[in-house]
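First listed ligand is number 1; within each ligand, the first listed atom is number 1. Remember, predicted model here, so these are calculated numbers, not experimental data.
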Amino acid sequence: MSDTPVEKPVNFIRNIIDADLAENKHDSIHTRFPPEPNGYLHIGHAKSICLNFGLAQDYKGQCNLRFDDTNPTKEDMEYVESIKKDVQWLGFDWSGDICYSSNYFDKFYQYAMELIDKGLAYVCFLNAEETREYRGTLKEAGKNSPYRDTTPEENRALFEKMKAGEFEEGKCVLRAKIDMASPVMCMRDPALYRIRFAHHHQTGDAWCIYPMYDFAHCISDAIEGITHSLCTLEFQDNRRLYDWFLDHLEDFNKPDRPHQYEFSRLNLEYTMMSKRKLHQLVDDKLVEGWDDPRMPTISGMRRRGYSPASIRDFAERVGISKVDSMTDMAILEAAVRDDLNVNAPRTMGVIDPIKVIIENYPENGSIETIDAPVHPQNESMGTRQIHFGREIYIDRADFEEVKPNKKFQRLAIDKEVRLRNAYIINGTRCDKDADGNITTIYATYDPDTLGKNPEDGRKVKGVIHFVEASKAVPAEFRLYDRLFTVENPAKEDDFEAVLNPNSLEIKHGFVEPALTQATPEQGYQFEREGYFCRDNKADTLVFNKTVGLREVWNK
Ligand code: ATP
Ligand code: MG
């Protein structure tokens, strides 16, 4: 048994766990992460993963991965596989075997029979419309179903018939007999089982009745010995039902049975967390897939270059509370940037290239090799070799024919600039095409100014990046902006109407030759441009922009 580790911020859930352990309610804690395999995981799920698996780690307890697979029509093995992969990538591992709610279908059935035998559940033949009418409203109590007072024997036989497939879909449901006048709507005789003639990815065609979430979840928790069942705030009312089921089943009505606690869900600005809506973006081909780097999915963020450590750090920064709010995207990006700033090797890439010819450099085709630091603040990361020669590429935005103002620190005609890790050059002239676009820049270099630091006493403030032209390797750059133009797209009637049409910009430029060996997903800082990683899907050399160097919401 251990206390809350000091370095972790206290939150109300940790307080509850500390108190439970102090009272010896449990020997150790056991949490679970219970995704429904009906889509890919998003950053909201990451918060829940970090909470559940993180608590288990910190308290030396256990955390199960449980697929909450009670709704066969929406679920698929593709999602099961992606969820396993995402949890592991985030740096967590589940205790024991993977759990499936569907493993407990026999038990759920027996527990439903127990409730029937106790006169606490009945088969109801009201149709959907009648059921709605009988339920009442927040202001008005509901009415008892005419099927409510049938005997346990009758209900047992009816439920067996439901299981045997003798009723058509929608004909009847099994309901708990609780209180049709309860102020909490979910206590008004909620459904426990419905009929679905659907193939299930784990149980095949063995079942044609499937349990409802509220019934299945608490029992799954109890079977697995979960101590603290953490879920989001919209399940607050359902906690009554959670407790009611466990209180009325002999196997579980014990002091160490699980308890449910709710925390606020993560909402992120300029994106959305609803799996259904994310599904729609994928199905309507408005993004490249679930792992499109603009998606708020774990696989999308991974492809974008976010590291698992930065996502865990983000979860820590937003913390756990009971207050629903929108989280500023800048908080996520700051966590990503802070991680990359320390860990990303530096390199140079020219995203919008224009050629510069160094007129006083030998014309014999000679290329020189220069050692440049991999990380300016971390010598232990070593050096890399870059090249310099008569022809180089710089970024179009780093040259103006006429220096536009005093603040301009880049290259212009008759204005010197330092090339990062190399020489000072001075602009001499430029060629233009028929439309007046600059096509080639000419410059001279000062051979006495080679050095990675501006220590040569020359008053040249501006530093720009470059790549030597003959060694440069062509690369595609994918620059991302927020996916939506409004802070809370989920609130819109038609969220597709507020998609940002400029959320992806593709550029073709050049990178240092060593980057042909870049490992996909490994973050690099392209000096002065931002953090990028090599795309994990493309066959060619493609770099996804992860995040800018500073917090700027462009546009
Ligand atoms: P959706 O409503 O979009 O389908 P969900 O909550 O139903 O999402 P599940 O697969 O059931 O998705 O979620 C698994 C776990 O992740 C649940 O415990 C749920 O509370 C948690 N979770 C889902 N979304 C968020 C979120 N935005 N913030 C924090 N936790 C979340
Ligand atoms: Mg859910």
Side-chain angles (χ1 to χ4, degrees), residues 11 13 31-56 63-76 78-84 86-87 90 92 94 98-102 201 212-214 216-218 220-221 224 226 228-239 242 258-283 290 295-299 301 311-312 314-327 329 331-332 488-491 495:
N11 61 48
I13 293 176
T31 55
R32 88 285 172 263
F33 173 63
E36 191 182 343
N38 61 353
Y40 281 61
L41 297 182
H42 53 58
I43 182 78
H45 294 115
K47 173 176 174 174
S48 177
I49 292 170
C50 292
L51 174 65
N52 281 294
F53 286 95
L55 286 170
C63 181
N64 291 3
L65 173 61
R66 182 199 313 141
F67 288 102
D68 211 335
D69 56 347
T70 53
N71 190 2
T73 53
K74 290 187 180 161
E75 298 163 3
D76 198 278
E78 177 193 352
Y79 305 129
V80 170
E81 293 308 322
S82 74
I83 290 169
K84 291 197 286 201
D86 286 348
V87 169
L90 272 177
F92 297 107
W94 43 89
I98 288 181
C99 305
Y100 294 88
S101 300
S102 57
H201 53 99
M212 303 300 288
Y213 170 88
D214 283 315
H217 202 87
C218 56
S220 306
D221 282 347
E224 291 173 16
I226 301 304
H228 298 81
S229 179
L230 312 175
C231 64
T232 42
L233 281 177
E234 58 293 4
F235 292 98
Q236 214 155 7
D237 281 352
N238 304 58
R239 181 176 359 112
Y242 188 103
H259 284 269
Q260 176 185 304
Y261 302 96
E262 309 88 22
F263 63 96
S264 59
R265 57 194 294 123
L266 175 75
N267 301 299
L268 252 195
E269 284 179 356
Y270 296 99
T271 188
M272 51 191 193
M273 297 290 135
S274 153
K275 265 192 275 184
R276 185 179 60 76
K277 290 178 179 168
L278 296 176
H279 235 295
Q280 195 178 322
L281 289 178
V282 174
D283 293 344
W290 286 99
M295 290 282 270
T297 51
I298 296 177
S299 48
M301 293 182 171
I311 295 178
R312 293 195 302 264
F314 167 70
E316 198 87 1
R317 291 183 193 195
V318 294
I320 297 297
S321 81
K322 275 192 169 287
V323 186
D324 262 326
S325 64
M326 282 297 257
T327 297
M329 190 63 107
I331 298 179
L332 175 57
N488 189 359
K491 210 176 59 184
F495 64 86

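- In terms of N/O distances under 3.5 Å, ligand 1 is approached by Glu36.
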One pair to check against side-chain contact (heavy atoms from CB on, under 4.5 Å): Ile49 and Ile298. What are the steps and the verdict?
CA-CA 11 Å; Ile49 292 170; Ile298 296 177; 4.3 Å; yes

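- Residue contacts with ligand 1: Phe33 is included, with a non-hydrogen atom under 4.0 Å away.
- In terms of polar-atom proximity, defined here as any N/O pair under 3.5 Å, Pro35 makes no such contact with ligand 1.
- By the 4.5 Å heavy-atom criterion applied to side chains, Pro35 and Leu65 are counted as neighbours.
- Between atom 22 (N) of ligand 1 and the options His45, Glu262, His217, Lys277, the minimum heavy-atom separation is to His45.
- Remark: ligand 1 atoms within the under-4.0 Å shell around heavy atoms of Met273 are 3 (O).
- With hydrogens and angles left out, the side-chain atoms of Tyr79 and Glu36 include no donor and acceptor closer than 3.5 Å.
- Each of the atoms 20 (O), 29 (C), 30 (N), 31 (C) of ligand 1 lies under 4.0 Å from some heavy atom of Thr232.
- Distance alone, capped at 3.5 Å, is enough to place a donor-acceptor pair between the Arg312 side chain and the Leu90 backbone.
- The closest non-hydrogen atom to atom 2 (O) of ligand 1, taken over Arg265, Arg276, Met272, Arg66, comes from Arg265.
- Considering backbone and side-chain atoms together, Lys275 places an N or O closer than 3.5 Å to an N or O of ligand 1.
- The closest side-chain heavy-atom distance from Trp94 to Cys99 is not below 4.5 Å.
- Remark: Glu262 engages Arg239 in a salt bridge, criterion side-chain N to carboxylate O under 4.0 Å.
- Near Ser48, with a cut-off below 4.0 Å to any heavy atom, the atoms of ligand 1 are 16 (O), 21 (C), 30 (N).
- Applying the 4.0 Å criterion to heavy atoms of Ser274 picks out, from ligand 1, the atoms 3 (O).
- In summary, the side chains of Asn238 and Tyr213 do not present any donor paired with an acceptor at a separation below 3.5 Å, with no hydrogens or angles considered.
- By the 30° and 60° cut-offs, the orientation of the rings of Phe33 relative to Phe53 is tilted.
- By the 3.5 Å distance cut-off applied to N or O atoms, Phe263 is not counted among the residues near ligand 1.
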